[in-house]
Structure formats: structure tokens, C-alpha cells
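Working notes for the structure below.
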Amino acid sequence: MEVWKLKYDFANIEPKWQKKWEDAKVYAAHDNSDKKKFYGLVEFPYPSGQGLHVGHPRPYTAMDIVCRKKRMDGYNVLFPMGFDAFGLPTENYAIKNHIHPAKVTHDNIQNFTSQLKMLGFGFDWDRVIDTTDPKYYKWTQWIFLQLYKHGLAYKATMPVNWCTSCKCVLANEEVVDGVCERCGAPVIRKEKSQWMLKITEYAQRLIDDLDEVDFIERVKTQQRNWIGRSTGAEVTFHSTNGDPIVVFTTRPDTLFGATYMVLAPEHALVAEWKEKGLLKNVEDVEAYQKAAAAKSDLERAELNKEKTGVKLDGVAGINPVNGKEIPIFISDYVLSTYGTGAIMAVPAHDDRDWAFAKKFGCEIIEVVSGGEDVQQAAFTAKDETGIMVNSDFLNGLTVKDAIPAITKWLEEKGIGEAKVNYKLRDWVFSRQRYWGEPIPMVWCDKCGWEPLPEDQLPLLLPDVDSYEPTDDGESPLSKMTDWVNTTCPKCGGPARRETDTMPQWAGSSWYYLRYMDPHNDKALASKEALNYWSPVDWYNGGMEHTTLHLLYSRFWHKFLYDIGVVPTKEPYQKRTSHGMILGEGGEKMSKSRGNVVNPNDIVAQYGADTLRLYIMFIGDFEQAAVWSDNAVKGCKRFLDKVWNLAESCKDDENQSEANAASLHKCIKKVADDIEGMKFNTAIAAMMSLVNEFGQNGCTKGDMKALITMLSPFAPHIAEELWEMLGYGAQGFACQQPWPEYDESKTVASVLNLVVQVNGKVRANIQVPADADNDAIVAAAQADEKVQKFTQGMNLVKSIVVPGRLVNLIVKP
RNA sequence: GCCGGUGUGAUGGAAUUGGUAGACGUAGUGGACUCAAAAUCCACCGGUGGCGACACCGUGCCGGUUCGAGUCCGGCCACCGGCACCA
């Protein structure tokens, strides 16, 4: 055979195959197929001006490998890509450089696209979506209208999170430790009229249906935590002047221990009592309310060691279980946004109430025995350890039994009822910025809010002169009087458009549906496409989206399911998550640290295949990993070895005897590891195999199997070698079936066993594969090294682990 | 404080789920090739003792279960992430 001795010239090979794949559309998903479908999804990127960094290819390569493997297994695969392009950085860049955000977006998408193609991902490029395309956001607006028509979108004036730098409201999910999730600027409270989505209506289902999906456990727990379900009871107390005060408690069993009440400073009853002239210490109360209002949530939380509050003078509460008169306080440790904004305080059995009671000299009455002295610390155990005392008819019961008993009693007397509360709050959905989807609503002084008729969608984002956010808290769109002034869709009179836009999370809440049928202009996707492709089989994305995008899109999906648009209850069947890529030194990559690795540089130096391999070999996929320029070389060396082996292998279509066992074990291992996302060990297994091929020599048949296995990981070199070995007529390497695994080839005729004496490794022996236990023990005892330790001892026991080891237990 | 995760050589990380700890890769050391360097190839590469065969110790710490523990149980420590006055 002719000896090629060509260099592994990745710089020419990679673009060559990228073009061939694209021309042949080998990665296109087929809509009308009888094949089993597989829908693999990665989170679409925000096309920033910086382009891709090496963090992006980690999830992309992983799902690309999974999807390529699925294609080889005969699935009709949908593996799409798109761009989540509305958002503040683009808008800010546009403001700074006086370029229209649409132009900025277009350029960034072009750059991202070429980078993604450079890495050889098998995306279906005919299904690319862009959330800023009116053909796309028409349907984002359409979904909003459906939410509105079903009572799930409403406008309300309430205190909201306001980012002082973005000049824009934020959802609760976007506030992290009191600062803006995006820019890190402090968030303050501001009273504003906002569009809200009733995600709380889905709270229970968002928890329950987690049981039906295959999400990694930490995603499920984080979502459950965020939704924050707690069960208890609502109990109606009364004030001395006869007003009902409803409180929520998770411990109705401790009702007899309620020695005072606390209202949130913003509670409506406080103002009412003030009106009626019942309060004798109005100045103190007002001063406290004012101070509380001025504090941000962060400040409130920071001050949580020291309890503050004011006792209401002139009004008291009455404990409904024993008629006792108890004082009422206002304090900011009670939140107006959770429960009823009012609590009964049981200092003996709640840490916060205890701290408050100590400071304000409130009575502490023990109603659950079994702990230490409640005058010294609250006893909060909620299990069977505590027995009810000082509680009339509850005395003697455990806490566990007392809760249903008192709840039943309350319900019978009409004083209270069982109740479930959630920490989750409704989703603040409007933003005072330009670069987002316009909210298709019109305000008419006569008719109120009216939805835009659906046939007028999309409501286009108008061109404006300035995208600058305004200090008065209005969207830049509000300055566009031509656009703002319109007619009421109902009465035809003069009306004004909503000038706030949607948050960035809107477009991404349903994008996975659009990929199923991206060019449809009659519906967000056709019924046939939705029925065939739903649900997403495997969705990989970042942990940082667990309580943002992932939660929001599950909510939207459930709504769309309820109104008959989508066929499944849940959008994603399986959810996995990748660890971050950290810069050298173990710190997060960032421009300011100057440790950002640009994939273009790595591709130029080593090629895309090496980058793909390295990013998968770097460590446990779910764990954070530190980038190392040096370690990249190892993957390049591996590909060089593969190349050289292909050039020097024996011209024999058969697999060689010498490599058979290793080859077939490797075929199995790589397949299993891809399914389990253990890409690092899959690659290690192929490296070992290649080392063996180098030692034993290999045939074309051996190489054929190796190249096929390698093709999901390093698709370009696989194609090139496939063609070089003369298999080009059989189609692309990436279209071949996964190599056949023959278990019988992995069974050796002679087994290597470890011999232990009293649990310590003492020797290795070879035995025939069919040797029985007695023969194995005899062989072990016959070994010279073993005899050194068994000499003069009695064998009391022997343990044989088939195919692994034999342990001899000896005693003098 | 509550919930989750992690802890293994110089280093990134493996270990068939209770069965030879350190696969695979980096870095390092020695050697071959070269005028030289790069590349490549070969050998070594947890610690201590020994010329050596070999022995003992070793998976954050202390204890336990087991013929056998990185893996299981009990009790700690450290770091990372999430939630946090949510009644």
C-alpha cells in the first residue's frame, strides 16, 4: 500500500468537512419521519459582543456528542440552536456607540454563528431562531395575550425591586443578595404599576410534577426550595374593637402559647385603626412605619439579629382558643408579602418570637414539653419528642398528633382552616427598557386595559431616536408619541399603548417549541410538529437558570398545556447541568481578570477536534473545572497518534485477535459513558485503546471501529480518516451505525486473579476461566509468594469473588 | 441557621458501586534520536526503610461494621453553591 505520511492538517480538514456536512444537510431533523425521535437541547446563548468563550462549548459539545450518538443509533434527531437576543447589554452597547440594537444583534449573531460552525457542532442550521425577529416575537406576544385572557396577567401597583443602574424593575428571581443579578448594582424598593404573571397559581403543580421528570436532584431541590411550600393553618383572631385579624401559622398546635401578635408595618389594619383614632401612640407607630419603608430587603435581612418594633397602644388581640387578651406589635420581622402579613407569636417555641419577646418583655408560656427551659431558649422540635402541656384539650398529645387535632377543632368552630403557603411570588413582567418585546396592551380611559386584537400581531418595536432609559422610570418608548397614541380596540376612542417591554426571560420561556416548527406563521408550531417532537428529551443547561428560565418556562408550558396548545404537561423530560470552566488559577473567567480563553485561539493552534476533546476530558462534566493551556496538548497528541495509526495500520478489514478484547470493552464503555455524561472516562478509554493499538499493531478493521467511536467527539478527523481508509463510498463517518459490541470477544480464556491473605494483596495468579472455586483456592495456595504468609497457618475460610480475587483467611 | 455538593499523588482527575487505590492526561526526572532545539520514542514518577527481592504506612480527622472500606454506619473539620426574620 502507498504510504501517505501526510501531516494531521486540522486547519484544512476542519473547514472542508464543515462545508460538506452543511451541503449534504447531514444534521437536519426530519419532520415527517417514521423513526424514533430524539430532541436534544442546549440553552441558546445571548449573542454578546465578546463572542463565545470556552465556557460555551462545554454543554454544546456534550449534547452534540449525545445527539451524534443518537443519530448513529438510528434516531431522527432534533438538535437546534438559536439566539436569545433581547437584553440590556446590547441596548447599552447601542446607546454608547449610537448603533441601532437590531444592527448590533445582527452582527453579534453572525459572529456567534461562525464560531459555532467552526467548532463543528451538528446543529440543524435551517431551524435557527432569533427572539428579536418579529416573526418570532409575534408568538411571544400571542402567548402573553392568552395569559391575559385567562386571567394570569394583570397590572398591579405594588412595591417592586428597582435596579438603580439598569433603571428598570426586576423579578424577585433576578435579585441576588439584594443586588441586581445582571449588573450587581443595589436594588431598592419602588412603588410602581407593573404587569404581573400569576406563576403562584401554578406553585403546587410546579412542585408535584417534578416527580414525573428526570431532572438531576439538585435542580429539583432548588426549585422546591424556591417555591417554598409550607403547610399550616390560617386562624382568625380578633382585636379588642372587634376587627378580625387573620394569621398564618405552621404550628397551630402551639396556639395556647400565643402571648402576643405581630403585624407587618404595612398591614392595612394599622392604618384603619389610626383612622378610627384608636391608637394612642400614633407618632411612634408612624415613625416606625416610615423607617421600615425606607429599608431595602437587604437592610431588613442584615438587621435580623436585633429585633425592632412598636407596641400598639389602645388596641389588643384576643386569643380565640382561650379568650386571653394579648398585645399587638408592628415589626418588620413580619413580612407583608408572605402569608397574611400578620402572625401569632409563640415565644416558647419559635426562635424569632423568643428573641422579640425577650427584648420587649412578653410572656413566654411553654405548651410543648420535652425541651430545655423555655425561658432560656425556644424549643422548636416538631416531631414526636414533644408532648403538649398548658393546652387544655390538647394536653398529652404529641406535636404530630396535636396539629391535625387542633386544625379539626378550628374548622369545626369556624375559627380557622388548614392552609398551604408558598414563598414564590408572582412574576413581575414589565421592564422600562427599549430592547424587548412590546407588551400588546392598550389603555383606554373608558374601557381600561384592552388586549390588542391577535390579527394585529406582531406589535412591532418602533424606531426611536434615543434608547436611553429615563430617570422618571418610564420606558424610552413612552417618548414616541406617534406610537404610543392609538385607538382603543374596543370603543375606537383615543387610547395609549403600554410602553414597558417584556423581560429577557419571555422569549426563552417557549423557544424550544419554536424549533419544532420554526417557520410557521399560522401558529407558534403546528400540532403535528408538537405531537411528534414533544417533549424535549434531554435538556442541558446552567444551574444559574434553575429558579429563573427553567422555572418560568415550566410555568408557561403548563399554561399552554392547560389551553390545549401543547401535548405534554412538562416541557423537558430530562435536565442535566454542567460545571463552569474556570480560568487558570481557579477563578471565574472575566474580562477584568484577563483570564478569558477565546476558543478561536485554541482552534487556530490545535484545531476544533482537540478543543472539543479537551473540554470533555477536562474533568467530571457536572463539576467546575480549571482550564489548563498545557493539558490541551495531551488531546492533540492523542489525535496525532490516531492519525499515525490510520496511516500505518495493516490493510486488513478484519478486527485483529490481539486487540479484540480491549476493542469490544471500549465500545461498550464509550457507549455507556456517553449516556451517563462521563465523557472524560470515555475519552480515557479510547486513549488506552490507542496506546494498545500502538503496542500490538492494528488492522484497518480495528481502526474502522475506533474512528466510528471517535466521530461524535472529534468529528472532523474521523471523517478525514474514514475517507482516507477508503470508506467514503459508505457515506459520512458520522452517519455510520455505532460499532457492534460482541461480548464474547471480551471473555478471556485465562483470568488474572488477585490473591489476598487476611485481606492484604500478596500475589497475582492466572487461572483458567472455567476453574471452580476449589481449583482457584488450590492455585492460590500453591503460589510461592502466598505460601510465605500461609506457612504453618491453618486456612479457616476462603472468599472467592468471581473474576476478581480470592481472599484466604488463615490463623496460626 | 437550613438544604445540597465536594475533600484521593506535584497537578486535572479514575476506581466496574464493598474487591489490586492512583486508570487516562499534564507537569517533572533519566535516556534515545538531533550540530542544536522542537517534535517523537523508551523508562521512572504517593511516602518511609532497604543495594535488592520486599516490608510497612497511605484516599480531610476520630471511631465502628466487614474476610475486605476511597466506597457503608456514627461523630467531627474544611471548602464551594443555594435559601434565609417565609411565621
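Numbers restart at 1 for each chain; the letters A, B, ... are given by sequence-line order, proteins then strands. When reading the values below, keep in mind they use all heavy atoms of this one structure, side chains included, and skip hydrogens, waters and symmetry mates.
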Sugar-phosphate only, base, or nothing, as touched by A:Lys678 at under 4.0 Å among non-hydrogen atoms: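 Result for A:Lys678 = sugar-phosphate.
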Sugar-phosphate only, base, or nothing, as touched by A:Ile618 at under 4.0 Å among non-hydrogen atoms: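 Counting heavy atoms under 4.0 Å across all strands, the contact made by A:Ile618 is with sugar-phosphate only.
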Intra- and inter-strand pairs of RNA chain B in dot-bracket (Watson-Crick or G-U wobble, both distances under 3.5 Å; | for another strand): (((((((..(((......[....))).(((((.......))))).((((....))))..(((((..]....))))))))))))....
Anti/syn call for B:rG82, syn if |chi| within 90°: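 Here the answer is anti: the torsion falls beyond 90° from 0.
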Position toward the 5' end of RNA chain B (nearest nucleotide), A:Met344 or A:Gln623: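 That would be A:Gln623.
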Residue A:Asn807, side-chain atoms from C-beta onward, closest of B:rA14, B:rU20, B:rG68: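 Nearest nucleotide to the side chain: B:rG68.
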Nearest to side-chain heavy atoms of A:Ile799, which nucleotide of B:rC3, B:rG19, B:rA87: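 Of the candidates, B:rG19 comes closest.
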Cation over ring face, A:Lys636 and A:Tyr606, 6.0 Å, 45°: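 Here A:Lys636 fails the 6.0 Å and 45° test against A:Tyr606.
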A:Arg762 NZ/CZ over A:Phe789 ring centroid, <6.0 Å and within 45° of normal: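 Geometry flag: set, cation within 6.0 Å and 45°.
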Per-nucleotide protein contact string for nucleotides 45-59 of chain B (B base, S sugar-phosphate only, - none; heavy atom under 4.0 Å): ---------SSSS--
Base B:rC85 paired with A:Lys307 side chain (donor-acceptor, <3.5 Å):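 It does, because a donor-acceptor pair links the side chain of A:Lys307 to the base of B:rC85 below 3.5 Å.
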A:Gln756 (side chain) and B:rG19 (base): donor-acceptor pair under 3.5 Å: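 Answer is yes: a donor-acceptor pair is held.
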Please list each protein N or O that sits under 3.5 Å from an N or O in nucleotides 23-26 of chain B, with the distance.
| from | atom 1 | to | atom 2 | distance (Å) |
| --- | --- | --- | --- | --- |
| B:rG25 | OP1 | A:Asn691 | ND2 | 3.3 |
| B:rU26 | OP1 | A:Arg637 | NH1 | 2.6 |

Euclidean distance for P, B:rA14 against B:rC62 (whole angstrom):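 It comes out at 25 Å once rounded to the nearest Å.
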